[in-house]
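Read through the structure below, which is laid out as structure tokens, and then see the notes.
Every number for a ligand or one of its atoms is a count from 1 in the order of the listing. Quick note: numbers below take in every heavy atom, side chains included, and nothing from hydrogens, waters or symmetry partners.
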Amino acid sequence: MKPQKPIYFISDLHLGSTYDPMSRQRERFAVEFLDSIADNAEALYLVGDILDYWFEYRTVVPRGYVRFFGALAALADKGVKITWLIGNHDIWLFDYLRDEIGIEIVDGLLETEIYGKRFLISHGDGVGKLPRGFRLIRSVFRNRICQKLYAAIHPRWTIPFAHRWSSHSRSNEKALPEFDITTDPFAAFAGEWQSAHPQNPVDYFVFGHRHVMIDEKLSDGSKVIILGDWLKYFSYGYYDGDRFSLRQFRQKK
Ligand SMILES: [Mn+2]
């Protein structure tokens, strides 16, 4: 049988984060990673929070991320299919990267079949029971009218505000509990999904958002994967049609 080209998954790079002095270095690592997979990848899934903050205006985009976008463009030009599932930090990806680089942008859950296995992929910030405040903020952030109003404010006010907001929300995310398969909201979501869709069971649930590396089997044989991050783990998911594994591109020094 002809070997199948692997599929890659990364999330939570938080590039451009102002609270991390290593941001620029991490962008270089991300570029090294993209270069290393360019010749053999079939597809790449960016599972949210790749950028710490992004907001596209109709005619203008924020500065930064040049090398990262360049590496993504090179991948796309080599025929690697790139799908970007938006997270809670990079919510406002509209048509710029889609058209400029050739990326598919997905908001929410993506259910897809890869090499005969069923995948459900999502950043994960909308999964499970959300605290009321977070739910409200999510709907405001995703509201078209609110987005238009925000876009009308000069970025010299919105961008510093957004960076402060982002580091604040990041410190809240750090307070999330350790993964426990019996109580975890992602595992619970996966179990509920399976019972609601008995005709089409999912083989792999792939999430980001939590900044932990998790690869756990549920009782029905499906797997819950949480992709880690690039602040601590430099981790990625690798799937070759045969098995899924979580790997590390490099170790934190
Ligand atoms: Mn997130």
Is any N, O or S atom of [X] under 2.8 Å away from the Mn ion (ligand 1)?
{"X": "D12", "value": "no"}
{"X": "N88", "value": "yes"}
{"X": "H209", "value": "yes"}

- Atom of D49 closest to the Mn ion (ligand 1), considering N, O or S atoms: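 Answer by atom name: OD2.
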
- Residue H123 atom name (nearest to the Mn ion (ligand 1); N/O/S):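 When I compare the N, O and S atoms of H123, NE2 is nearest to the Mn ion (ligand 1).
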
- Item | Ring centres under 6.0 angstrom apart (F244, F9) |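 For F244 and F9, the ring centres are under 6.0 Å apart.
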
- Run through D184, D12, D125 and flag the one making a salt bridge (Lys or Arg N to Asp or Glu O under 4.0 Å) with R210.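 With R210 as partner, D184, D12, D125 yield a single salt bridge (Lys or Arg N to Asp or Glu O under 4.0 Å), made by D184.
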
- Query: Within a radius of less than 6.0 Å around CZ of R67, do more than 12 heavy atoms belonging to other residues, nucleotides or ligands occur?
  - Reply: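 Open: at most 12 neighbouring heavy atoms sit under 6.0 Å from CZ of R67.
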
- Crowded around R247 CZ? As in, over 12 foreign heavy atoms under 6.0 Å?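 More than 12 heavy atoms, drawn from other residues, nucleotides or ligands, come within 6.0 Å of this atom.
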
- Message: Whether E104 and R98 form a salt bridge (side-chain N of Lys/Arg under 4.0 Å from carboxylate O of Asp/Glu) is what I want to check.
- Response: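 The answer is no: the pair does not qualify as a salt bridge.
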
